[in-house]
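Letters A, B, ... mirror the listed sequences (proteins, then strands); counts begin at 1.
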Amino acid sequence: MKPSVPQNPAMPSRSADIFAAFADIFAAPLEAAGIAALRDDGRLGGLAPLSDQPLAQRALDVLAGFDDAAEATSELNAAFCCLFLGAGGPHGNAPPYESAYAGHGRLFGEPTAEMTKMLAAHGLGVAEGCCEPPDHLAIELALLAALLAGPGPAAAAAVRDRLLGWVPGFAARCAEADTTGFYAALAALLHAFLLDQAALTPSEREIPS
Amino acid sequence: MTALETHAARPFGLTRRKLLVSSATLGALAGMGVARAATADGEVLNGSHWGVYHAKVENGRFVSLRPWDKDPHPSPALPGVQDIVYGPSRIRFPMVRRAWLEKGPGAAPETRGKGDFVRVSWDKALDLVAGEIRRVQTDFGPWAVYGGTYGWRSAGRLNPQSMLKRLLNLSGGYVDSSEDYSKAAIERIMPYVVGSVEAEGPQSTYPTVMESTELMVFWGCSPLNNNNIANSIPDHKPWGWFDDLRQAGKKTIFIDPVRTDACKALNGEWIAPRPQTDAAMMIGIAHTLLTEKLHDAKFLADYTRGFDRFSDYLLGKPDGVPKTAEWAAEICGIPAATLRDLAHRFAANRTLLVGGWAMQRQQHGEQPPWMLITLACMLGQIGLPGGGFVQRYHLDSGGAPASTAPALGGGIALGERPKDARPWPAERGAMVIPCARVVDMLLNPGREYEFNGRTFRYPDVRMTYWVGGNPFHHHQDRNRMVAAWKKLDTFIVQDFQWTASARMADIVLPATTTCERNDIERVGPASGIAILAMKKVIEPVFEARNDYDIFVDLAKRLGVEQAFTTGKTEMDWIRSIYETALAQARTKGVAMPDFDTFWNGSGLVEFPVADATRKWTKYADFRADPLLNALPTPSGKFEIFSTAVERMKYEDCPPHPTWLEPMEWLGQKGGKYPLHVNSSHPQFRLHSQLCGSAAVRGIYAVAGREPCLINPADAKARGIGNGDVVRLFNDRGQCLAGAVVTEDVRPGVVRLNEGGWYDPAEAGSPNTLCKYGDVNVLTPDIGTSRLTQGTSACTAMAEVEKYQGMPPTVTAFTAPAAAG
């Protein structure tokens, strides 16, 4: 008989799910159907394993605080556009790119070259339909998720540490610029989760056979 | 190795976005020619509004730049060019405001500016734009489409505004704009005074000034400010000229509310009258010249018309008020003795009066330039080397001697409405409006207005399409504008970055920057020292597309593709622009390679300065023979009194230079607000361009905001210290800024440069606070007069206080280094 797999968010396959869910959140705005589902679900969907944490609760409170799903969609979409798509201008944005947190804050910096190499080293590349540079948060998170689900935690460590180099700065920008508080909470939650993962011992990270 | 895929979590019922694929898949696609071609590694020469530069490319990325070796004084803002290309405010893909997309044109206009945009494909976006143009043309008419699209766009001859106007013409017509925000008053009054716009084209050259001028008077003019930039590509020659002036010890006077860098560079004498009183100050000086018989009666008799009517005014014959130095001192705040002394010195020396344009960007803006020329006429030195007047030294390096270069044209013509286009009856309104009256047009459809001696009617505009401009920067009275803009069914913005205008739009189309496409431009607007191939540096980022390609696709949808392109590609247009110039060069015997040699070689053709133009004095030929070289005015002379203007009977523009009290100014009895707001052009931007650059803002921002100069006495009275966040406010609006306490600004005046990006605390809310420092929340939206209908931005009074609340966060772009 196979031993049961503990429901532990520290396990690589589970953490891969969680990082993939984070990737989804920062890749594109939430759509109406998805927001309605989240409001009903009350546990942040793919981030459910983290939903007991205060930061997750904060995000859930924001979601619940809107009059209806339509209002939530409009407000959160505006926040996404202003924070992550450049519409907020230089004073209201939190660019989700590693390059933005190095040097002069321009996009398409050295991290894009580094990420291209890293993706290639794992036999991957950015999908043709995606116009974002490879140092976009969602892409770095997607890589992390893929490595955790595939080769395992050792390969993933390099990407995780890379993210820890700039996600704190990104989360701080979100905290300053996000008037809804939703994305600020989720960015901080991501930061916290990255730290948790980094702190786990190798044995805690392994999947028992 | 097994192909890896992104892990398919199943949250919220979303389809997983495919971000990563196996590179084997990519490889296959690349083999089908889908992969992008990269520009070769190395340096690429290119140009911008800030100068010529070398762009370094590594693996398809623009990694750094350095100024052109031959730039005599590179602009400190040049690094901002990289921010233009790679700034986080780049528009990524086409977007549509949600309410407009879901409920149609005109839906919920009060929600514009919130940022609730939905991404759409290019095909969908272009279908929507073309569909809207067609709908408005059909359901209303060409008078309902505003295509004035004012703005400075990018350097380069491929003008997206011409492309837009051509498209709108071919698809039925549109309402255009005339004049500009820079010099509308001058543009419309000068033809009555000298027979031309005057303040454009070549000016008396620097060498003539070096040789002959004894006293230079910079009246509201700083050649070391705006000459950092140019409409085409600046040559930065004024800095060398200023070095020469300094070494020669030329005597200079700067009449300006601010002691500018130019004044300090020349150790100039600084005289700071009350803003907006320049005409009165000049009139007072003129009175001394006349009564002490220091004026040149012969010059006035031979080269001007109407001085007798003006001298009656000076002596107080019509109104009983002689315009003495005392009279002027009371108005401008400069002692009468000083004004008399200036008159004596102007007359005793070879004097050059150099006028800037801020003093015509105000209510009754026609008066100061007209009076400046009248003063020059009275001094009688117009047409003598080093004497007379100049109105374009502050821009385009106007005194740089011209080279042998041929003109470089614009290529794409605006075209015309089709022959079978819908008739445009007069009652539908004007086909062209003065650009600064755009909000009046929105607020008063069908109403009559006066302009330059005639009466027109405002059309009833329903949509506007803007490219290469940022009206939510350059237009005055921001709150009035936001309210008026709700009238529009549809606002389309095509740009490379999220300006305040893009954020107010319904449909946003991402355009490429000049680094992502090819173009061609002239270096040195006046000097024409070179023609530069602006060669593509990198492939377009995100989903940005070239303006030309966007307009061609729209033309296809509107059924006018062939008429629009005439079969030409973008490169064909560049070639034809060059070849037109080449043909001209050949007729003049000027050496220029053929296009392919030019484009595939160095991409730069340089032209020597022509000896004949090195020492050139404007109006010298008129002075030499006023009959043969008569000015194109009714009298053939300078018109100090204009019968044409007299016939208009405009109270706000009399037929000779006149002091007219502004609606709000420092000398006003019982004025509500105590401080004059000076909003001159910034030093390190081009208007609002580069405000998105963190690197450039780092040079000048204070407390993360637009800097506000304030005199120590005014600051002390308000408890304001250097570096404090301050709030400027009046009845029209309010904004924050960062205080710079300095003696360089006279008491009673604060300076907040124009171009700070509008950053409303609550988009769409009346009188919301602008958190960054957009001075146009404070300025009035009135015409300079019924004759010129220009912008009166410089007629603004306000109060300033130390900001009481917690300053809303406007943090520097670069986040703090990660704790790790």
Q) If you round to the nearest 0.5 Å, how far is NZ of A/Lys117 from CG of B/Asn59? A) 7.0 Å

Q) Which region of B/Gln82, side chain (C-beta onward) or backbone (N, CA, C, O), has a non-hydrogen atom less than 4.5 Å from a non-hydrogen atom of chain A, or is it both or neither? A) both

Q) For A/Asp41, is it the side chain, the backbone, both, or neither that has a heavy atom closer than 4.5 Å to a heavy atom of chain B? A) neither

**Q.** Residue part contacting chain B, namely of A/Phe84, when any heavy atom lies under 4.5 Å
**A.** backbone

Q: Among A/Cys130, A/Ser74, A/Gly129, A/Pro133, single out the residue with the greatest number of heavy-atom pairs under 4.5 Å to chain B.
A: A/Ser74

Q.
Here's a test for you: under side chain to side chain contact (heavy atoms under 4.5 Å, CB included), which of B/Arg697, B/Lys771, B/Arg705 qualifies with A/His91?
A. B/Arg697

Q: Tabulate, in ascending numerical order, the residues of residues 499-507 of chain B having at least one heavy atom closer than 4.5 Å to a heavy atom of chain A, or enter 'none'.
A: B/Arg503

Q) So, for A/Cys81 and B/Phe117, which heavy atoms are closest and what is the spacing to 0.1 Å? A) SG-O, 3.4 Å

Q: Search all heavy atoms of B/Gly692 against all heavy atoms of A/Pro90 and return the closest pair with its distance.
A: CA-CG, 4.0 Å

Q: Could you look at B/Phe62 and say if it's the side chain, the backbone, both or neither that has a heavy atom under 4.5 Å from chain A?
A: neither

(Q) Within this structure, what is the OG-CZ distance for the pair B/Ser693 and A/Arg106, rounded to the nearest 0.5 Å? (A) 6.5 Å

Q: State, yes or no, whether a side-chain contact exists between A/Thr112 and B/Tyr86 at a heavy-atom distance under 4.5 Å.
A: no

Q: Could you look at A/Leu119 and say if it's the side chain, the backbone, both or neither that has a heavy atom under 4.5 Å from chain B?
A: side chain

Q) If every non-hydrogen atom of A/Ala78 is compared with every non-hydrogen atom of B/Lys114, which pair is closest and at what distance? A) CB-O, 3.7 Å

Q | Spatial distance of atom CZ (B/Arg119) from atom CG (A/Leu85) [nearest 0.5 Å] | A | 8.5 Å

Q: Quick one: closest heavy-atom pair of A/Ala138 and B/Leu19, and the distance?
A: O-CD1, 3.7 Å

Q.
Quick check on A/Thr73 against chain B: is it the side chain, the backbone, both or neither that has a heavy atom closer than 4.5 Å?
A. both

(Q) Can you tell me which of A/Ala120, A/Gly109, A/Gly92 forms the most heavy-atom pairs within a distance under 4.5 Å of chain B? (A) A/Gly109

Q) What's the spacing between B/Arg92 CZ and A/Leu107 CG if we round to 0.5 Å? A) 6.0 Å

Q.
Restricting to non-hydrogen atoms, name the atom on B/Asp116 and the atom on A/Asn77 that form the minimum distance, rounded to 0.1 Å.
A. OD1-ND2, 2.6 Å

Q. Which residue pairs pass the side chain to side chain donor-acceptor pair (under 3.5 Å) test when at least one of the two sits in residues 136-159 of chain A, sequence neighbours left out?
A. A/Glu140-A/Trp166

Q.
To check you understand the geometry: which heavy-atom pair defines the closest contact between A/Cys82 and B/Gly115, and what is its length?
A. SG-CA, 4.2 Å

